[in-house]
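Keep in mind that this is a model prediction, so the values were computed, not measured.
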Amino acid sequence: MQKRALNVALTGVTGTCLAGMLVAGVAAASGDDSAQQQKTPSQSPMAQKDSTEKNDSAKARSLAEAARKPAAKDADEPARKKVEKKALLTGTTKASYFWDDGSGVNGDTGAPAGGKPMQKGLFASPSWPMHTKVKVSANGRSVTGFVGDRGPGEPSHRGVMLDLDTYTFRYLLDGEKPKSKYNAGTGEGHINGLKYEVLEWGKGKGNRGKPQPFGS
């Protein structure tokens with residue numbers, strides 16, 4: 001009887017111990033999980049920092065590559081370039097010079113017939129329409145002007161088909177400036193082999209085409 005009571009008591013104690021061990025094991029496991037969970041949040045900012053640094057590094061590389069690339073050309077650039085007009089008529093002639101402003105100097109008989117005041121780039125033609133745009137070239141130099149007067153007169157019957165303003169004449173001759181607007185300041189009174197290019201016919205009176213002597 002006493003022996004059975006002892007066995008019962010031992011069984012109770014053993015069960016109690018086992019139960020205590022199980023509870024302790026569960027608590028320990030829970031503690032490990034909680035500790036692991038506590039570690040995870042503390043590691044998250046470091047991971048975010050690494051990710052941010054990687055993104056910043058990638059952006060920096062992209063910006064550096066973009067800076068190394070040549071800037072794209074403006075698609076409209078060719079359209080902005082000045083397109084030189086094609087000549088409507090070209091040829092060569094002998095040219096003289098004049099400056100008609102109503103002063104009477106050098107036989108000046110009055111202001112230019114085209115209605116515009118005497119100026120640099122104003123030429124005289126015996127036949128072309130008034131305000132015809134023309135480019136003249138000689139000795140590697142060029143000037144673009146317009147027909148604003150009639151002339152030369154009698155010399156046009158001897159092949160002098162253009163009168164240039166004094167400044168244009170001297171510039172084309174030797175690149176210098178005239179002594180005055182009435183005097184080119186050189187012993188040369190003509191430029192032989194002057195090239196002319198008609199860029200646009202004027203709407204004033206006159207005839208298009210190859211220049212004709214005055215009054216013909």
Interatomic distance, NZ@Lys116 vs CG@Leu122, rounded to 0.5 Å, equals 8.5 Å
If you look at every heavy atom in Gly209 and Trp201, which pair is closest and at what distance? N-CH2, 3.2 Å
Distance-minimising heavy-atom pair for Gly202 and Pro129: O-CB, 3.5 Å
Tell me whether Phe146 shares a hydrophobic cluster with Phe98, the cluster being built from Ile, Leu, Val, Met, Phe, Trp, Tyr side chains joined at under 4.5 Å. yes
Do you know which two heavy atoms are closest between Lys205 and Arg150, and how far apart they sit? O-NH2, 2.7 Å
Please determine, by modelled atom types, if Tyr182 and Asp101 share a side-chain donor-acceptor pair under 3.5 angstrom. yes
Indicate yes or no: at least one non-hydrogen side-chain atom of Leu173 is less than 4.5 angstrom from one of Tyr97. no
Side chains of Val160 and Thr93 in contact at under 4.5 Å (non-hydrogen atoms): no
Using a 4.5 Å cut-off on heavy atoms from C-beta on, say whether the side chain of Asn139 contacts that of Leu172. no
Between Ser180 and Asn183, do the side chains contain a donor N or O and an acceptor N or O under 3.5 Å apart? no
Do Pro155 and Ser96 have side chains that approach each other closer than 4.5 Å (heavy atoms only, starting at C-beta)? no
Side-chain touch Val143/Lys135, heavy atoms, less than 4.5 angstrom: no
For Trp128 and Tyr196, take the angle between the two ring planes, folded into 0 to 90°, and tell me which bin it lands in: parallel under 30, tilted 30 to 60, perpendicular over 60. perpendicular
Which heavy atom of Glu200 sits nearest to which heavy atom of Leu88, and what is that distance? CA-CD1, 3.9 Å
Please tell me whether Leu199 and Met130 are part of a single hydrophobic cluster in this structure, the criterion being side-chain heavy atoms less than 4.5 Å apart. no
Trace of the side-chain contact (heavy atoms from CB on, under 4.5 Å) decision for Thr144 with Val134: CA-CA 6 Å; Thr144 298; Val134 57; over 6 Å; no
Can you find a pair of side-chain heavy atoms, one from Glu197 and one from Ser137, that are under 4.5 Å apart? yes
Closest non-hydrogen atom pair, Ser156 against Met161: O-CE, 3.2 Å
Check for a donor-acceptor pair, side chain of His131 on one end and backbone N or O of Gly114 on the other, with a separation under 3.5 Å. yes
Would you indicate whether the side-chain heavy atoms of Thr132 and Phe123 approach each other to under 4.5 Å? no
Consider only side-chain N and O atoms of Asn207 and Ser127, and report whether a donor and an acceptor are under 3.5 Å apart. no
Show, in sequence, the C-alpha distance, side-chain angles and deciding distance for Arg170 and Thr166, and conclude whether the side-chain contact (heavy atoms from CB on, under 4.5 Å) test is met. CA-CA 6 Å; Arg170 183 63 191 269; Thr166 314; 5.7 Å; no
Lys120 charged N/C atom sitting above Tyr167 aromatic ring, 6.0 Å / 45°: yes
Tell me the closest heavy-atom pair linking Trp99 and Lys181, and the distance in Å. CB-O, 3.1 Å
Quick one, Gln212 and Pro126 - any side-chain contact, counting heavy atoms below 4.5 Å? no
Given 3.5 Å as the limit, does a donor-acceptor pair link the side chain of Asp165 with the main chain of Gly121, or not? yes
